[in-house]
Peer 1: 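Sharing a structure, written as structure tokens. Questions coming.
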Number of protein chains: 2
Amino acid sequence: MQKELQYVHMDKQARQISRAVTLKDVAAAAHVHVSTASRALNPATRGMVADDVVERVRMHARELGYRGDPLAASLRTGRSMLVGVLVPDIANPLFSPILGGINEILNAQGYYTIVSDAGTEQDAQLDLVDALIGRRVDGLILATASRNDPVVNHCLERNVPIVLVNRSEATQRAPAAVSDDVLGMKLSVDHLIELGHRRIAHLGGPQHISTGYLRRVGFEMAMENHGFPRDGLTMEFASAYTREAGHKAAKMILLKHPEATGIVAANDLLALGIYQALQELGRHCPGDVSVVGHNDMPFVDMVQPPLTTVRIGHREMGVEAARLLVRELRRETAARMNVVLAPTLVERASTARPNHGIGMRS
Amino acid sequence: MQKELQYVHMDKQARQISRAVTLKDVAAAAHVHVSTASRALNPATRGMVADDVVERVRMHARELGYRGDPLAASLRTGRSMLVGVLVPDIANPLFSPILGGINEILNAQGYYTIVSDAGTEQDAQLDLVDALIGRRVDGLILATASRNDPVVNHCLERNVPIVLVNRSEATQRAPAAVSDDVLGMKLSVDHLIELGHRRIAHLGGPQHISTGYLRRVGFEMAMENHGFPRDGLTMEFASAYTREAGHKAAKMILLKHPEATGIVAANDLLALGIYQALQELGRHCPGDVSVVGHNDMPFVDMVQPPLTTVRIGHREMGVEAARLLVRELRRETAARMNVVLAPTLVERASTARPNHGIGMRS
DNA sequence: CTGAAAGCGCTTACAG
DNA sequence: CTGAAAGCGCTTACAG
């Protein structure tokens, strides 16, 4: 107690973040009422003020170095020009270009972006969202959504505009900008088939996330298309999109299905886990097993062997997500809309014709 | 104009972010004055209120789902429990563990963190900082500092508590948590010397940033220590910490100094640029040239060849930076302090004994 | 220990 | 076109 009081005291003497000039100062200098000064400075209300007055006010504002107080404005208006962005793991370089694209659009519209590492715990995510709402964010972009996401629910209930990016929900309750995950898997599978592979396995991602789910479905559909019935397919699932989880699941595949000559992973990190597993088992890529990733994340072209993977326009995805949010923020009464980007395949050295001596045996 | 008014109108009918319950509501429910309710709910002032009243207020607050309004509180107190963190490039995975460490400490102290990609343009950085100050951040952690940084200047002038992380200034105007860059280079050089290298070049980083500058100095000192005079050293400098800039500078070294058998890079990204240059020139690592990186960033163990590099405790660095900031925020009157972490060398496959047929000439 | 009042810095109906 | 007033939701000296 005593200690706290002491701090408070020290605060008072030391704290001097000199944010001096207020609207009142500007108004006094320009000899107008504070309300007139406010109108003159705000582009949206500037029209209500006589031109010469506007000029005078702006001049004094400039001279005094007036910066406004977004906090006070937000308290009054309920708006903040702030957009919150939630990512599941800021350490994942995958999200950087998405964030870049989001920023580009939002900044151009005058919005300022707060990105938060939301982690994967649901309660923490909800708390975080509440904190952001408390800060009056005008809207939220979620890169964290599961196929049935409680945060989405929460925001919908509280009527906070949201947009999903990269991951969508099972039921389209919110606009989303995503990659065509099914198409991505078709590209991957077709590529291996074309190289001559027939024993193709899938290393899937978490099934409660759209990317994991849809890529699995896409794998099944593509394989079925080539005459491989769904119930005969080899699939293992990683519990998370990490190298470690990928490594573990990859071992299962390689041990239980040594006949597989190709593995299509739901994500690059998972693919790197396959590399690790192959190495431990003394098997080679692409000599023994071809590997396809997904995302084309940074550095994946420099690993050994350079990874064949599905390239997604992540930056563009961010751009589209931001555009969708701007529409929401304007409450434009348009139909709910999703943006689905078409990915492409990047062929590198982790895929090759199967080794027939081994691969073709039934 | 008309259009804008229309939006405003739509806003009014649609906007219903139902942030209902205020302190007033709680006070009414508990039959106390709003000021009493405020005191009862705030741990720091709770002692001023009778225990039973505290209980009653808290109960009603809980029942009503009262969440408080940080914005209003900040406007009144000037404090926000918000800390801004500026990184030069959120896409660089290097910063993730730093951010993780910062968050861990700050969250535990009740602070909420806003991380912003500050880019490299000075004006934009200053604007960003002003925006954050306008939002009443209590302090700032900068991972962006140059050796003489205008943002640091700006914050110092406005008396905003700051701490530097990863990069320090030339004159210690603000507390910093950094790695011992000079030691890191000594580790790298000693390692190559021990392997038998004598023709060792340095691929340096930007010299206006402490890491680039100090690693260069560290290289010079370490080489001098082994009997190589400073003015005879081979050094090229990359204009930025990117693979591309590294690639360009690496070519200069390799073309102008084909006799070099080892290159010590100021950073892993730069080292990857060397890989690229070597490949283009048909030379091999480590067969022809050994390469040492700096940072041990993610995935650098999976490139070909796995990179020998200097490992920095990035997470710990973030932790220490956050601790320094907490000290600043409390205005504890202690001496200015820097935390300098000792790095370690991680030997992988990019370094080997030099090829004597070529390397030892003149 | 509690209440009444002022005020943080804005914006915006309401008058004129 | 401009001013005066109210109020966003809090915190905190000031009285009692």
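In what follows, chains are A, B, ... by sequence order, proteins preceding strands, each numbered from 1.
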Peer 1: Relative to the 5' end of DNA chain D, which residue comes earlier, D51(A) or S35(A), by the nucleotide with the nearest heavy atom?
Peer 2: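 So the residue in question is D51(A).
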
Peer 1: Give the rounded distance in Å between these two atoms: CG of L23(B) and C1' of dG9(D).
Peer 2: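 So the two atoms are 8 Å apart, to the nearest Å.
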
Peer 1: Given side chain to side chain contact (heavy atoms under 4.5 Å, CB included), test I141(A) with L86(A) step by step and report yes or no.
Peer 2: CA-CA 6 Å; I141(A) 296 182; L86(A) 262 54; over 6 Å; no

Peer 1: I need the NZ-P distance between K24(B) and dC8(D), as an integer number of Å.
Peer 2: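 To the nearest whole Å, that distance equals 6 Å.
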
Peer 1: Output the rounded distance in Å from CZ (R46(B)) to C1' (dT2(C)).
Peer 2: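 Rounded to the whole Å, the gap is 17 Å.
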
Peer 1: Of all the heavy-atom pairs spanning V57(A) and L41(A), show the shortest one and how long it is.
Peer 2: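 For V57(A) and L41(A), the tightest heavy-atom pair comes out as CG1-CD1, 3.6 Å.
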
Peer 1: Do you see a donor-acceptor pair shorter than 3.5 Å between the side chains of H154(B) and D130(B)?
Peer 2: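 Yes, a side-chain donor-acceptor pair sits under 3.5 Å.
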
Peer 1: For the pair D149(A) and R173(A), find out whether any cationic side-chain nitrogen is under 4.0 Å from an anionic carboxylate oxygen.
Peer 2: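 No.
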
Peer 1: Starting at atom CG of N42(A), determine the distance to atom P of dC10(C), rounded to an integer number of angstrom.
Peer 2: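 It works out to 12 Å between those atoms.
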
Peer 1: Quick one: label T77(B) by what it contacts on the DNA or RNA (base, sugar-phosphate, nothing), any heavy atom closer than 4.0 Å.
Peer 2: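 It contacts sugar-phosphate atoms only.
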
Peer 1: Rounded to whole Å, please give me the gap between CG in D69(B) and P in dG7(D).
Peer 2: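 D69(B) atom CG is separated from dG7(D) atom P by 18 Å.
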
Peer 1: Hey, are D138(B) and R330(B) close enough for a salt bridge, meaning a charged N less than 4.0 Å from a carboxylate O?
Peer 2: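 No, no charged N to carboxylate O under 4.0 Å.
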
Peer 1: Nearest heavy atom decides the nucleotide; on that basis, is A72(B) or V49(B) closer to the 5' end of DNA chain C?
Peer 2: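 That would be V49(B).
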
Peer 1: Calculate, to the nearest 0.5 Å, the distance between atoms CG and CG belonging to L324(A) and L329(A) respectively.
Peer 2: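 Spacing of CG (L324(A)) from CG (L329(A)) equals 11.0 Å.
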
Peer 1: From the options dG9(C), dG3(C), dT11(D), select the nucleotide whose nearest atom is closest to the side chain of V32(B).
Peer 2: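 Output: dG3(C).
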
Peer 1: Toward the 5' end of DNA chain C, which comes first, R76(B) or D52(B), by nearest nucleotide?
Peer 2: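 Closer to the 5' end of DNA chain C: D52(B).
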
Peer 1: What pattern of brackets, bars and dots sums up DNA chain D from 5' to 3', given Watson-Crick or G-U wobble pairs under 3.5 Å, [ ] for crossing pairs and | for another strand?
Peer 2: |||.||||||||.|||

Peer 1: Just how far, in rounded Å, is P of dT11(C) from CG of L71(A)?
Peer 2: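 The answer, rounded to whole Å, is 12 Å.
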
Peer 1: Round to the nearest Å and state the distance from R136(A) atom CZ to dT11(C) atom P.
Peer 2: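 After rounding, the reported distance stands at 15 Å.
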
Peer 1: Flag the pair I114(A) / V83(A) as yes when at least one side-chain heavy-atom distance between them is below 4.5 Å, and no otherwise.
Peer 2: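 I114(A) vs V83(A): side chains apart.
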
Peer 1: Is there any protein nitrogen or oxygen under 3.5 Å from a nitrogen or oxygen in nucleotides 14-16 of chain D, and what are the pairs?
Peer 2:
none

Peer 1: Among dG3(C), dT12(C), dC8(D), which is the nearest nucleotide to the side chain of T36(B)?
Peer 2: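 The closest nucleotide is dG3(C).
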
Peer 1: Is it true that D51(A) and R56(A) make a salt bridge, defined as a side-chain N closer than 4.0 Å to a carboxylate O?
Peer 2: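 Answer for the salt bridge query: no.
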
